[in-house]
2 protein chains.
Amino acid sequence: MALKHAVLAALLDGEYSGYQLAKAFDVGVANFWHALPQQLYAELTRLEADGLVAGRQVVQETRPNKRLFQVTEAGLAELQRFAAAASKPSFIRDDLLVKVQAVDRIEAAPVIEQLTERARIADAKVEIFGKLLARLRGTATEEEFLAHGAPIGPYLTCLRGLGFEQETRDWCERIAGVLRERAAGSPELSRRGPA
Amino acid sequence: MALKHAVLAALLDGEYSGYQLAKAFDVGVANFWHALPQQLYAELTRLEADGLVAGRQVVQETRPNKRLFQVTEAGLAELQRFAAAASKPSFIRDDLLVKVQAVDRIEAAPVIEQLTERARIADAKVEIFGKLLARLRGTATEEEFLAHGAPIGPYLTCLRGLGFEQETRDWCERIAGVLRERAAGSPELSRRGPA
DNA sequence: CATGATTAGTCAGATTCTTGAGTATGGGAA
DNA sequence: TTCCCATACTCAAGAATCTGACTAATCATG
């Protein structure tokens, strides 16, 4: 049950509604976890029932009302416990890698296309993370911010996101290039592969 | 349902038993997917029922009998279909990142310890992937192998695994260093964080 | 002034993944 | 010779995640 702790960690940043969390956990800026809105609303309900977060109703004129949540003392204690316990190892689990693994025996063209597209997406995330990092550290240099800035947690996870997306982009571009070259060199590769 | 295709892709490499697959998908060398033995046995049963893989019983004297599986024509066609369809984006989902995200508000010491441990694990995987890559390309240089070697799929996914683990190792080491420095500079950080 | 996007959520159902236990045999170490 | 580890696999139950549909209001676009 780690989404629970991911939500708690995200809420340390300030008060958020389920909707706001959902956007952070969905689109690019989910730098340390990913979840769908339905999961988040359910999780927030559970967390509130357990007293780990406290929600308050905010009445809005022009928009539907919303509930803002913040972490309680009990929630912080729970996070503390979680952080002290051992972490599970993390694994890559990626459709695109499965396709690349099989590329000797299937048509390469759609795989190349998807690698190119994925590189584009990763590059867009690199930009987003770059800007987010700049915003987080304000006028300080990275060195200064890492030494003394606060909060540092979101900055550090964002650095990880940046590194991950850069790696993804570079690998996708390189592999797309390799597969294109090979297809050009021996077009029959794309159907049955070599002996 | 992508484990299905991950298993098909893994079986393109040759005939494997559930047990052998389980080891590949469990420990370090699962360079493109991860799954537990129970999942794999269940998946193989389903795949066989659907005619996407064919199993044959191998009677062994000194060990329990086993069933070796290979991909059928229908299985290859299914992989082909899968590869031509759009890929879902891949996301980071990592306990350790959640802890780092929260590091301003919780004790840093156990997080630093886990970062160090994770760096060690990642470094071990870097070594494993390095050796595996060398074995896969044999006497060829990387450039030669990428241009003409076969099978190329497993090599490419292994390259991704290598890059991922290197990134993981470097980030963990860097962040552990940063957090250690900060804890040394202002020890009270470890309890409540700065204003 | 219709159409679609955005905000703010909820509900049900299916699939996938994880946890934990259990079966059975043979080989090697203490 | 007892105990643990490796091989090879099975079953059940639960937790987590994903898919898809739905409500309902306001705002911007054409």
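Protein chains get the first letters and strands the later ones, always in sequence-line order, with residue 1 at the start of each. Just so we're clear, the structure is a prediction, and the values are computed from it rather than from any experiment.
- Close approach of DNA chain D to chain A, defined as any atom under 4.0 Å from a non-hydrogen atom of the protein, starts and stops at dA16(D) to dC27(D).
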- request: Begin from the C-alpha positions of Glu167(B) and Arg160(A) and carry the test salt bridge (Lys or Arg N to Asp or Glu O under 4.0 Å) through to its verdict.
  value: CA-CA 8 Å; Glu167(B) 250 293 307; Arg160(A) 177 74 177 117; 3.4 Å; yes
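- Atom CG of residue Leu96(B) and atom NZ of residue Lys88(A) lie 13.5 Å apart, to the nearest 0.5 angstrom.
- Each of Leu3(A) and Arg63(B) was matched to the nucleotide of DNA chain D holding its nearest heavy atom; the match closer to the 5' end belongs to Arg63(B).
- Each end of the helix from dC1(C)-dG30(D) to dA30(C)-dT1(D) yields a helix axis from five base pairs, and these two axes differ in direction by 40° (to the nearest 10 degrees).
- Taking the six-membered ring for Trp and the full ring otherwise, Tyr16(B) and Phe69(B) have centroids separated by 6.0 Å or more.
- Checked against Leu52(B) for a side chain to side chain contact (heavy atoms under 4.5 Å, CB included), the options Lys4(B), Glu73(B), Arg46(B) give a single hit: Lys4(B).
- The CD atom of Gln101(B) sits 12.5 Å away from atom CH2 of Trp33(A), with the distance rounded to the nearest 0.5 Å.
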Every protein N/O lying under 3.5 Å from an N/O of nucleotides 10-13 of chain C:
none

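- Residue whose closest nucleotide on DNA chain D sits further toward the 5' end, between Leu36(A) and Gly18(B): Gly18(B).
- The side chain of Thr62(B) approaches dG27(C) more closely than any other nucleotide in the set dC17(C), dT7(C), dG27(C).
- Side-chain contact check for Gln20(A) and Ser17(A): at least one donor-acceptor pair (N or O, by modelled atom type) lies under 3.5 Å.
- Phe25(A) and His34(A) have their aromatic ring centers separated by at least 6.0 angstrom.
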query: Can you list the steps and then say if Arg118(A) with Asp94(A) is a salt bridge (Lys or Arg N to Asp or Glu O under 4.0 Å)?
result: CA-CA 11 Å; Arg118(A) 178 67 68 87; Asp94(A) 187 342; 3.0 Å; yes
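- One can place CD of Glu61(A) at 18 Å from P of dT7(C), the figure rounded to the nearest angstrom.
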task: In sequence, state the C-alpha distance, the side-chain angles, and the governing distance for Arg169(B) and Glu165(B), and then conclude on salt bridge (Lys or Arg N to Asp or Glu O under 4.0 Å).
output: CA-CA 6 Å; Arg169(B) 180 196 58 195; Glu165(B) 296 298 343; over 6 Å; no
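- Taking CG of Leu76(B) as the reference point, atom CZ of Arg81(B) lies at 10.5 Å (rounded to 0.5 Å).
- Phosphate proximity of dT7(C) to Lys23(A): present, with a side-chain N or O under 4.0 Å from OP1 or OP2.
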